[in-house]
*Asks:* 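This is the structure, below, for whatever I ask next.
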Amino acid sequence: EPEVTQTPSHQVTQMGQEVILRCVPISNHLYFYWYRQILGQKVEFLVSFYNNEISEKSEIFDDQFSVERPDGSNFTLKIRSTKLEDSAMYFCASMTELGNIQYFGAGTRLSVL
Amino acid sequence: AQSVTQPDIHITVSEGASLELRCNYSYGATPYLFWYVQSPGQGLQLLLKYFSGDTLVQGIKGFEAEFKRSQSSFNLRKPSVHWSDAAEYFCAVGFTSGTYKYIFGTGTRLKVLA
């Protein structure tokens, strides 16, 4: 069964460093998403991406965040200068063009020290 | 504003016992409703969904959920829990505001006693 793949599973970084979280969505999906879950809190929507551009971003998704689909398979989330409060689990999801079901990866746990 | 509430953060049940995980939502129309499960090191796996029609929906792994519009609830049930069901369970609402996206509840962590 096709699945969404996220790498790395755990990323440790120093405050102020740039990180790139990577995702390989399901191949025929056209909508891509990033969500995050701070420990003990809800899974929150960050950004949606369609047709090579951001469809919507939440208020969390400030100028430090960016997303990119650099080739036909990868979908990345970059945090330019990490803060302690960026420590969280980040989930990537994808969805078909006509669907309502999002398929999630296993997540990347980001720890900012 | 849309919201999803899972009142129980932790639930512990004995193996073989029945299970009900609660989910309440706030949304102006009938939403798309989902339950996902996350086992350690795994992604969010879809257990079941409700879009319309029969309000009792069956999912994988023997789970079912019932949509009750009057109570704005979508509770997840299983008649007999297995040790392998120990995981975190998330209720989610899919809706379009701007673009289509999910709102999740805080999750319920299930512990199963042998």
*Asks:* Does a salt bridge link A:Glu56 with B:Lys101, judged by any charged N lying under 4.0 Å from a carboxylate O?
*Replies:* yes
*Asks:* Would a line drawn from the ring center of A:Phe91 to the ring center of A:Tyr35 be shorter than 6.0 Å?
*Replies:* no
*Asks:* Quick check on the hydrophobic clustering: are B:Ile60 and B:Tyr36 connected, directly or via other members, by side-chain heavy-atom contacts under 4.5 Å?
*Replies:* no
*Asks:* Given that the side chain runs from C-beta out, which part of B:Leu44 has a heavy atom under 4.5 Å from chain A: side chain, backbone, both or neither?
*Replies:*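 Both backbone and side chain of B:Leu44 come within 4.5 Å of chain A.
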*Asks:* Using non-hydrogen atoms only, which part of B:Gln45 is less than 4.5 Å away from chain A: side chain, backbone, both, or neither?
*Replies:*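 B:Gln45 has no heavy atom closer than 4.5 Å to chain A.
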*Asks:* Look at A:Gln6, A:Gln37, A:Glu44 and state which one has the largest set of heavy-atom pairs under 4.5 Å with chain B.
*Replies:* A:Gln37
*Asks:* Using ring centroids (six-membered ring only for Trp), state whether B:Phe51 and B:Phe34 fall under 6.0 Å.
*Replies:*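 When the ring centroids of B:Phe34 and B:Phe51 are compared, they turn out to be within the sub-6.0 Å range.
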*Asks:* Please state whether the side chain, the backbone, both or neither of A:Ser48 comes within less than 4.5 Å of a heavy atom of chain B.
*Replies:*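 When you check distances to chain B, only side chain atoms of A:Ser48 fall under 4.5 Å.
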*Asks:* Flag the one option from B:Tyr100, B:Tyr102, B:Phe104 with the top tally of heavy-atom pairs under 4.5 Å to chain A.
*Replies:* B:Tyr102
*Asks:* Between B:Lys49 and chain A, which part of the residue has a heavy atom less than 4.5 Å away: side chain, backbone, both or neither?
*Replies:*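 The side chain, not the backbone.
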*Asks:* Within the distance-only criterion (no hydrogens, no angle test), does the side chain of B:Asp8 pair as donor or acceptor with the backbone N or O of B:Ile11 below 3.5 angstrom?
*Replies:* no
